[in-house]
Every structure is written in C-alpha cells, then in structure tokens.
Chemist: 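Submitted below is the structure of interest, expressed as structure tokens.
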There are 2 protein chains.
Amino acid sequence: MALKPKSKTNSKQKVSASFSPLYKQIKELLLQSLETGEFKPGTMIPSEHDLADRFQVSQGTVRKAIDELAAENVLLRRQGKGTFVATHHEPSVRYRFLRLSADGQVEVKRTHSTILSCERLSPTEEQQKIFELSSSDEVVCIKRVMNFSNRPTVYEEIYLPAVLFKGLTFDLLTHEKMPLYGLFESHFGVQLLRCDEKLRAVSAPDSIAKLLHVAVGSPLLSIERIAYTFGEKAVEIRTGFYVTEHYYYRNSLN
Amino acid sequence: MALKPKSKTNSKQKVSASFSPLYKQIKELLLQSLETGEFKPGTMIPSEHDLADRFQVSQGTVRKAIDELAAENVLLRRQGKGTFVATHHEPSVRYRFLRLSADGQVEVKRTHSTILSCERLSPTEEQQKIFELSSSDEVVCIKRVMNFSNRPTVYEEIYLPAVLFKGLTFDLLTHEKMPLYGLFESHFGVQLLRCDEKLRAVSAPDSIAKLLHVAVGSPLLSIERIAYTFGEKAVEIRTGFYVTEHYYYRNSLN
DNA sequence: TAGTGGTCTAGACCACGTT
DNA sequence: ACGTGGTCTAGACCACTAG
C-alpha cells in the first residue's frame, strides 16, 4: 500500500506487489475523513475540484473514488448541489435496511415500536468473537416489538457492544422517536454502513407468539443480522422474527 | 432519446427534455447486440478500442457503458484477456441466483434435482399479466425437488411462457444435467439477467411436507421469484419452498 | 512482444440548482 | 451568473495474459 504521489510525472511508486490505484488511496483518505468526523452525516463534503487540489490529483481521480463511495451508499451525490454524507435521518434512505413491503404497496408506513427491555449483559462467546470483546466487557440487549399499521409484526433482540453506547437506556429509547439507526448516528456517532443477513423460517415459540399475537408454532421469518461500520467493524447483532402474513421481505438479484 | 452524434465537435444534439448521455446510448447499442445474439454467452466481445472505432466515440465513453453492464453482471471483464458475455455455465456465477448457504460453509454443494412433472397449462390471470399473454396462450409448469447433500431441501413450481420454450419436455429436463438457467440459455436462447423475490415464512401443506420429508405444518421459507431477460421482459415465475433447518438464505445490504 | 483491460490527466463543455 | 456534479475527449502509461 504505497502513499499517493505529489506530482504526476514522478508517480513511479507502483510495484507489482499489492498495487493500489490512486483512486483507491483517495477513497481511503475520504473514508478516514468520514470516520474521524471531519465530514459529518448530512453535511456537504468539499467539491470534486477542491478535493483534487487538496490531494494533488486530477478531478477524474477524485471522481472515481467518490463514485465507489456513492455506490456503497456512504456518500450521496446531488447534481448541481454537491456531494453529501449519507445519514439515516433522510426519509429517502431512512429504512434502507428494512426490506419489508406490504402485499399491496411498495413501502411500509405508520410504524411504531414498543421497547420491552434494555439491559447490560455479559457477551456470549459468539458475541465476543464478532464484536472482538473479552468476557469482562458488556453488551447492551434491547428487546422490542414493531407495529406496522397497528399490527404487531416484528419482534427483535438487538445486541450492541456497551462501550460504544454508553448512555443508552430504556428511557432514551422510549422517548426518542427517531429510528434506531438514526439514534445510533446522532447520539453515539455510530454510522451503520452495511449488514449481512441470514434468513430462515422458524416456528414461533410460546413467548414470541404471545408478543406477536399469533398462534404458537406459527411460521415466522427469522432474520439474523450483523451490521458493520467503518473498517468492517461489527457494531450490532440483531435477530428479528417477522410475521409475514401481510408483509414480505423483498429482494432483487442480478 | 437522441441518436449518437457522428463527430464530437458537432455533438449539439442535447436537449433538456429527456436527455440521454452518450454512454447510455452506447450501452443500449451493446444491449441490442447482446439481445440479437451478435455477442453470444461465453464469448468475447470486441475490445474497447474497436468498439470506440465502431461507434465513433472515445474509448472512455465505451468504457463507461461497459462498466454499467459489468456491474449488472451482463458482461464480465477479465484484465489482460477481454470482456466476455456472462453465461450461466461458468462455475463462478453458476448459482448466482441461489443464495443458499450451509450453516458451516459458504456455498452449497452436491446438488441433485428430481423432476416431478412438466406440463402445458392455461395461464392464470396473474401469469397472463406478468408474461403479457392472452388466455389462449400456454405456460409450461415444472415441479421439482432439489436435494443438497442428499437432503430434500427445496420444492419448486416453475412457470414459463410456452412460446419461448418449445422443445421443453420432461425427458429433456431429466436427461440434461446442467442447471436450469444454463439449459434456458443453451437450448432456448433465453438469458436470465435479473430477478425480484418476495420472501415469506409459511406452514408446510400436506403435499409439500411429504416431498421434503418434514412434518405437516413445519415452517418453510417461501420464495416467489419473477425472472427477467433483456428489456425487463418477465420469462419465469417460480415459487420455491425451502427447508431452512441446515441452510439459510444469505443477503447483504448497503 | 503484442493485445487487452485499468488508471490517470488536463481541459472542455453540459445539465442542474441556487442566487 | 455562478458553482456543483456529469459527460466526453485524446492521449499517455501501467498491469495482466498469452503466444
């Protein structure tokens, strides 16, 4: 991983072993500025021209770096206005990680969450591995039910590394009306960028069936999610149980 | 939608109403060549330089058109070798539409399909709408069970517009060992490019439970898929029921 | 050595949004 | 009118693959 060259004519820093193109290096620099908070969610970053000046590369190279970040939904381009840092507060991308649709419409509306509990626990072995914690660290465990159109539809158990979410309490969760990932961003400076999910069909156990107003043994869509922030660092483990009688999980493959 | 200009200095064809950049127009031309079969699956298309000559644009413009098609998995770039038309026969992308993983490993292996039936039917109203057929047209209905590691895991009902799959018979399906989408490509010239899925958890009805060796009422992952070829034309409707005891459906969001 | 895709540049001009 | 992202060009050079 070589550093960026100062002038173009001298850019002979390229060796065959682990060659990294200039625009990838620029991309890393931009990611650093995002991670350190120099560019904050919702704000505009400097213009391509300014960034080209700052990094001493051509505008096209900056452009290609931004292209990739925009494709990953880390940045958002708006022609004529500027390039902005993605935020979970904008309505357009607010529920980008909730791929649930109603049988008729495209999007889910009128959602309401009931927080059941929020406690500090010792992490399981699996959680220690994923979060890179030791057994003496703690995790926050949130349990909640989400209603869509007044129907209880999702039961979730959410695990977070406690060290990143110091002031997270039951009260905060019940009083804040913003979506959870917006709360993470605004109150704790944790930006969720990407997540992996594992989907299964399972039978509703007694406890969950009661909460979701379905019969014991009813089929539920189980979604295990691991969410990541900068540097592929895992910051959330979430298991959700979805009633899919009136809603479905949509996916597009190519 | 303006045509491409012959020379760069005269390229004043751009009007504000429904402006289409040059590279999008080149992309459409490439898609036409793919659809008509000028570029066949698995073969190499002309070099960027040659295409630039042919379309009388710069290499960078051709490049951007190819970039988009590569991002959509329609084309496949291989540095130093060329750009190739995607095919469902290559091992690397063979199961790109089967997002099932085993609890341990990343990929599924040792799959085997048992064809249960293959018949011509009248299309339902929904099928008529999706395939743009009339009630006098026919659809082919295939039913099959897929085994992974000798476990019956998936039951599928597949519907196809009969007019596109003339020689498709039970015998052909049982004798051909290639994956279904490879068969579509090689025998019928139908290239599947993209699909939309709706996922739900459902209870196994009697008939399906027997086929999958699970108890009646067991939870199954239901996947309704509509698959498309060029021009967003739907060419397959598939409903699958997955036993997710040892396998899961993986997804990545950002 | 030749051919292909991949990177990078400098500059021109266009489309969009705001002032 | 101005600033932003978006498009396009012509040309140079680099990295990878194959004969």
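Naming: A, B, ... by sequence-line order, numbering from 1 per chain.
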Chemist: Measure from the side chain of A:Ser58, starting at C-beta and using heavy atoms only, and say which of D:dC8, C:dT9, D:dG5 lies closest.
Modeler: C:dT9
Chemist: When you get a sec, tell me which of C:dA15, D:dG6, C:dC8 is the closest nucleotide to the side chain of A:Arg77?
Modeler: D:dG6
Chemist: For B:Gly80 and for B:Gly60, find the nucleotide of DNA chain D with the closest heavy atom, then tell me which residue's nucleotide is more 5'.
Modeler: B:Gly60
Chemist: When you measure from the side-chain N and O atoms of A:Thr83 to the phosphate of D:dG5, is any distance below 4.0 Å, counting only OP1 and OP2?
Modeler: yes
Chemist: State whether A:Arg78 places a side-chain N or O below 4.0 Å from either non-bridging phosphate oxygen (OP1 or OP2) of C:dC16.
Modeler: no
Chemist: Whether A:Glu90 and A:Arg96 form a salt bridge (side-chain N of Lys/Arg under 4.0 Å from carboxylate O of Asp/Glu) is what I want to check.
Modeler: no
Chemist: Are the charged groups of B:Arg225 and B:Glu156 less than 4.0 angstrom apart, N to O?
Modeler: no
Chemist: Can you tell me if the side-chain N/O atoms of B:Thr61 get under 4.0 Å from OP1 or OP2 in D:dT9?
Modeler: yes
Chemist: Taking the six-membered ring for Trp, are the ring centroids of B:Phe148 and B:Tyr247 within less than 6.0 Å of each other?
Modeler: yes
Chemist: Which range-with-range stems can be found for DNA chain D when each stem has 3 or more Watson-Crick or G-U pairs in a row and both distances sit under 3.5 Å?
Modeler: C:1-18 with D:1-18
Chemist: Should the pair B:Phe184 and B:Phe188 be assigned to parallel (<30°), tilted (30 to 60°) or perpendicular (>60°) ring geometry?
Modeler: perpendicular
Chemist: Rounded to the nearest 0.5 Å, how far apart are CG of B:Leu253 and CD of A:Glu197?
Modeler: 4.5 Å
Chemist: Give A:Gln79 one of three labels, base, sugar-phosphate or nothing, depending on what nucleic acid heavy atoms sit under 4.0 Å from its own.
Modeler: base
Chemist: Strictly by modelled atom types, are B:Tyr181 and B:Glu236 linked by a side-chain donor-acceptor pair under 3.5 Å?
Modeler: yes
Chemist: Mapping B:Gln59 and B:Val62 onto DNA chain D by nearest heavy atom, which one lands closer to the 5' end?
Modeler: B:Val62
Chemist: Below 4.0 angstrom from OP1 or OP2 of C:dT18, is there any side-chain N or O of A:Lys81?
Modeler: yes
